[in-house]
Amino acid sequence: MAHGTSRIAGFYQLSPRERLAKVAEIAGLDDTGVAHFTNMGNIGPETADSMIENVIGTLNIPLGIATNLIIDGEEQLVPMATEESSVVAAVCNAARQCRESGGFVTDASAPVMIAQVQLVEVPNPEFARLKLLEAREEIRRICDATDPVLLKHGGGFRDLEVRVLDDMLIVHLLVDVRDAMGANAVNSMAEAVAPSLAEWSGGKSRLRILSNLADRRLVRARATWRLDQIGGKEVRDGMLSAYRFADLDPYRAATHNKGIMNGVSAVVLATGNDTRAVEAGAHAFAARTGRYRSLTHWEMDSEGNLTGTLELPMPVGLIGGATRAHPTARYCLEILGVTQAERLARIIVAVGLAQNFAAMKALATTGIQKGHMALHAKNIALMAGAQGDEVAIIADLLVQKGSVRVDIAESELAKLRQH
Ligand code: MEV
């Protein structure tokens, strides 16, 4: 953006169209570019403008459906929003291979979120810690009074923890947030109760915010892949060795867990939930022993089958935020058929486990590139300018040649058009 100033007074007060006109003028965007941004797809300017600030357009991400999943005995279709090829196919493949053994079994703790209140300049923190713990019922009263609706739905303040960190006191409010993601509910409680905590402790309150390490809101999924379904002992042993590598080495664990989050974040995004909150929680949880490790665990059962488990903090909701505001998210929830946040959380964790199975299997056998090639080749064909039927023709040619490169796609496209 080397064309003009970034200081645009009153920009936020303009409509999306007016903002776009300004940006187009400053950045030298042509009419085609302006027309592109003006089409706001299936959100529309009003919804987009009410969701974030300074809106000029929207960004479409492909939405695919993962098939073949059985979760807790129920057949389940799962919408996934992702820009990455192979992610949806991976879940379908993994889920197909464990259907014979019953699919995924899941479980969840209560949906308890943590809000933190930082107290500083506390003269005698250990003494103050006990005073605060004694005030549990008064704290409960203040917290619950901030959210009568949550209380009506069976949620609310559950417990209190107080930690001494150097000269600071850190208060954790544990709050059952039911079907909400819970950030708003617990942040409001932390702000409401902070002045009393400061007074009782003799210190001052500073930060009042939820923790994304939502380790009181854990969701688990497990599944068994029979030896005959996955291709025999060698595949299983290769996968177990891949898992050991990830669990022992943070360099590998980061990639291994990224693959899990390919599945997790795609469902979180499709349902309008907060991908960053879930990701931050997952990675912090992966490092909870002091070393960053694999989020999944893989073992062999007494019959030699491969078993996998995944346990993750899963702060997702069905009410509030984009989940309600974004029409696509609402329809995705309809496809999922979920009426409780807990079921959504369980589905997401099952998808994460499926994703990890597929990635490990590919890596331990043919390698990841083979599976990536077909879809990747389509992307490259599009990048080279292929349109309509040309896309599949060029993509096939690239795969046949075993070299999926834009320059080759461009020259093949030129040849195709000459004919
Ligand atoms: C690619 O997005 C994800 C993988 O790298 C995950 C993994 O290595 O396990 C394939």
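Counting convention: from 1, in listed order, for ligands and their atoms alike.
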Q) Does the side chain to side chain contact (heavy atoms under 4.5 Å, CB included) test come out yes or no for Y331 and N42, once each step is laid out? A) CA-CA 11 Å; Y331 284 119; N42 55 20; over 6 Å; no
Heavy-atom nearest neighbour in the protein, as seen from [atom], with distance rounded to 0.1 Å:
atom                    : result
atom 7 (C) of ligand 1  : R252 NH2, 3.4 Å
atom 1 (C) of ligand 1  : E84 OE2, 3.5 Å
atom 10 (C) of ligand 1 : I368 CD1, 3.6 Å
atom 5 (O) of ligand 1  : T255 CG2, 3.5 Å

Are [X] and [Y] linked by a side-chain donor-acceptor pair shorter than 3.5 Å?
X    : Y    : result
W298 : N356 : yes
H297 : T307 : no
H256 : Y243 : no
Q76  : R343 : yes

Q | Neighbour count above 12 (heavy atom, 6.0 Å) for R17 CZ | A |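 No, not enclosed.
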Q. Is N262 touching ligand 1 with its side chain, its backbone, both, or neither, if touching means heavy atoms under 4.0 Å apart?
A.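 N262 to ligand 1: side-chain contact only, backbone stays beyond 4.0 Å.
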**Q.** Region of L363 engaging ligand 1 - heavy atom pairs below 4.0 Å
**A.**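 Just the side chain.
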**Q.** R208, R206, K204 screened by side chain to side chain contact (heavy atoms under 4.5 Å, CB included) with Q118, the one that passes
**A.**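 By the side chain to side chain contact (heavy atoms under 4.5 Å, CB included) criterion, Q118 pairs with just one of R208, R206, K204: R206.
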Q) N/O to N/O below 3.5 Å, does that happen between H256 and ligand 1? A)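 The answer is no, given that H256 and ligand 1 share no N or O pair closer than 3.5 Å.
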Q: Go through ligand 1 atom by atom and flag the ones less than 4.0 Å from a non-hydrogen atom of K258.
A: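 Near K258, meaning under 4.0 Å from one of its heavy atoms, ligand 1 has 1 (C), 2 (O).
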Q) Within less than 4.0 angstrom of ligand 1, does M360 place any heavy atom? A)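 Not so, M360 does not reach ligand 1.
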